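Report on the structure given below.
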Amino acid sequence: MKSAVNVSARGAQIPATMRAVVFTGPSAFALQEVPTPRAGPREALVRVRASMVCASDAKILAGKFPGTRFPHVPGHEFAGEVVTTADEPFPAGSRVGIEVHVGCGTCERCREGMYTLCLNYGKRETGHAHIGFTIAGGLADYTAVPIAALHMLPEHVTFDQGAWTDNLGVALWAIERGRLAAGEHVVVIGPGAIGLCATQLARALGAGRVTLVGRGQRLARVRDMADEVVDAADVARLRAAADLVVEFAGTADAARDAIALARRGGRVVLGGATGAGVELSGVDLSTIVRGNLDILGSLANPKGVSGRALELLAQGRIDVTSLVTHHFPLERFEEAWRTFTERRDGAIRVMLHPQAAA
């Protein structure tokens, strides 16, 4: 039995040790008993209630993310309840979702509200944190995170839904970058979790028609989330048809398709290729120049956009519940990991529940 070393403001015992998924080195992981973290200044200790696995976790595990140091506790899509903190806005018992980027607050980009582009990235001593990447994340019983990363969950938003706080912000920022106007035709490329959030957000924000482009078994699950679903093999028929194209597939082919699908004077938002090594070639620049296209990169969720996305979730204008295709207790992480990475049974998002029994 774990010995309690602390008691929260609500009387809950905080154990000396906890379970956590630990990436022990490239391509190696284990569920381990580790010391329970303590919240430092401007931090909160959060008891994790729901935490998801993301493709970025696979990149981290493969050693492809230079900001991560092993051993490392991953997890950047999660929600829970505050156990201890010295900050009044989030007292003990607060139900919170997490966005993962916390900027230093003082560099030029942070002062613009673009803390996702913080010039002091990775420098914890400046106040920067990238939860689940440069500091420990939420695939654990507890995690200590900066107050700046917390969003209070609206009353009717569950922990499972709240675990989408970061993803929804990423998707909404891409739509906002694309300056969606009511009645426009939007094409979303990539039927993964964030692409499906973007598809629903485009509808919620007034798009006249939303087309989802992708391939694979999961398309059959999500047909109702778009007005039209098109297999990537048939994408040529949409050429020059879209006012706004939002790409979340992360491949060079998808980026080329996105540029080709925009009408003259249209906008293209590229949000999928967040890792280095994906190069774009084979695009005739006259398509962009003579087409007067806006080609925009979109990274993460700055300017508090995740909070705005949570309001849309609370209003029932987005369905994330059906995007969680599998649930596991934390001790079955290896099975959950294989399910996600191998796309078993058309897996979209796989959720871990640290407080659940096997």
Side-chain angles (χ1 to χ4, degrees), residues 49-50 52 54 76-80 94-100 116 149-214 218-230 242-249 267 269 271-272 296 298 300-325 327 348-349 351:
R49 295 294 190 181
M52 297 190 292
C54 171
H76 56 276
E77 299 175 358
F78 63 98
S94 297
R95 300 169 58 258
V96 294
I98 314 296
E99 66 170 289
V100 306
T116 54
L150 302 182
H151 288 273
M152 196 77 76
L153 295 182
E155 181 180 358
H156 299 296
V157 172
T158 66
F159 287 124
D160 285 15
Q161 293 171 321
W164 288 81
T165 297
D166 199 70
N167 283 336
L168 287 170
V170 172
L172 181 55
W173 179 244
I175 298 294
E176 292 184 355
R177 286 280 281 162
R179 307 188 308 279
L180 171 64
E184 288 190 318
H185 181 193
V186 177
V187 173
V188 177
I189 301 177
I194 299 177
L196 293 171
C197 288
T199 299
Q200 296 183 74
L201 284 163
R203 267 184 162 180
L205 296 175
R209 183 172 184 80
V210 179
T211 300
L212 175 65
V213 175
R218 66 175 56 176
L219 280 181
R221 291 179 180 265
V222 297
R223 288 188 177 277
D224 292 343
M225 293 185 178
D227 299 297
E228 177 184 29
V229 173
V230 175
D243 300 296
L244 170 62
V245 185
V246 178
E247 176 274 322
F248 274 117
R267 290 97 61 206
V269 178
L296 304 163
S298 183
N301 46 338
K303 298 189 176 183
V305 66
S306 286
R308 298 196 295 277
L310 282 175
E311 290 303 319
L312 294 172
L313 180 63
Q315 294 168 18
R317 300 173 72 181
I318 311 160
D319 169 27
V320 293
T321 301
S322 63
L323 301 183
V324 181
T325 51
H327 295 262
I348 298 175
R349 269 297 186 264
M351 182 170 285

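In this text, all values refer to a predicted model and were calculated from it rather than measured experimentally.
The shortest side-chain heavy-atom distance between V229 and L219 falls under the 4.5 Å cut-off. Considering only heavy atoms from C-beta on, V187 stays 4.5 Å or farther from V246 through its side chain. Here the side chains of I189 and V245 are in contact, with some heavy-atom distance below 4.5 Å. Between R221 and T325 the shortest side-chain heavy-atom distance falls below 4.5 Å. Between L296 and R179 the shortest side-chain heavy-atom distance falls below 4.5 Å. Residues P191 and M225 form no side-chain contact, since every pair of their non-hydrogen atoms from C-beta on lies 4.5 Å or further apart. Side-chain contact between L196 and V188 is absent, with no heavy-atom pair separated by less than 4.5 Å. Side chains of R349 and N167 form a contact here, defined as non-hydrogen atoms less than 4.5 Å apart.
Residues E228 and T211 have side chains that bring a donor and an acceptor to within less than 3.5 angstrom of each other.
D166 places no side-chain N or O within donor-acceptor distance of the main-chain N or O of E77, the cut-off being under 3.5 Å. Looking only at distances, no side-chain donor or acceptor of R267 sits under 3.5 Å from a matching main-chain atom of L244. A distance-only check finds no donor-acceptor pair linking the side chain of D160 to the backbone of A163 [under 3.5 Å].
Across all their heavy atoms, W173 and S298 have their closest contact at CD1-OG, 3.3 Å. Across every non-hydrogen atom of F248 and A174, the tightest pair is CZ-CB, 3.6 Å. The minimum heavy-atom distance linking A198 with I175 is given by the pair O-CD1, 3.9 Å. The minimum heavy-atom distance between G169 and S306, with the atom names listed, is CA-OG, 3.4 Å.
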Run the side chain to side chain contact (heavy atoms under 4.5 Å, CB included) check on M52 and V324 step by step: do they pass? CA-CA 9 Å; M52 297 190 292; V324 181; 4.3 Å; yes
For a side chain to side chain contact (heavy atoms under 4.5 Å, CB included) check, start with the C-alpha distance between T199 and V222, then their side-chain angles and the critical distance, and finish with the verdict. CA-CA 10 Å; T199 299; V222 297; over 6 Å; no
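A cation-pi geometry, defined here as NZ or CZ lying under 6.0 Å from the six-membered ring centre and within 45° of its normal, does not hold between R49 and F78.
Between S322 atom OG and I348 atom CD1 the span is 7.0 Å, to the nearest 0.5 Å. T321 OG1 to I318 CD1: the interatomic distance, rounded to the nearest 0.5 Å, is 11.0 Å. To the nearest 0.5 Å, atom CH2 of residue W164 and atom CD1 of residue I194 are 8.5 Å apart. The distance from atom CG of L205 to atom CG of L172, rounded to the nearest 0.5 Å, is 6.5 Å. Taking CG of N301 as the reference point, atom CD of E99 lies at 5.0 Å (rounded to 0.5 Å). Interatomic distance, CG of D243 versus CG of L180, reported as 9.0 Å (0.5 Å rounding).
Q200 pairs in a side chain to side chain contact (heavy atoms under 4.5 Å, CB included) with only one of the listed residues (V210, L323, L168, L312), which is L323. Of the listed residues (Q161, R95, Q315, E311), just one forms a side chain to side chain contact (heavy atoms under 4.5 Å, CB included) with P154, and that residue is E311.
The side chain to side chain contact (heavy atoms under 4.5 Å, CB included) search around A300 returns H101, T116, not counting sequence neighbours.
For E176 and K303, the salt-bridge test fails: no basic side-chain N is under 4.0 Å from an acidic carboxylate O.
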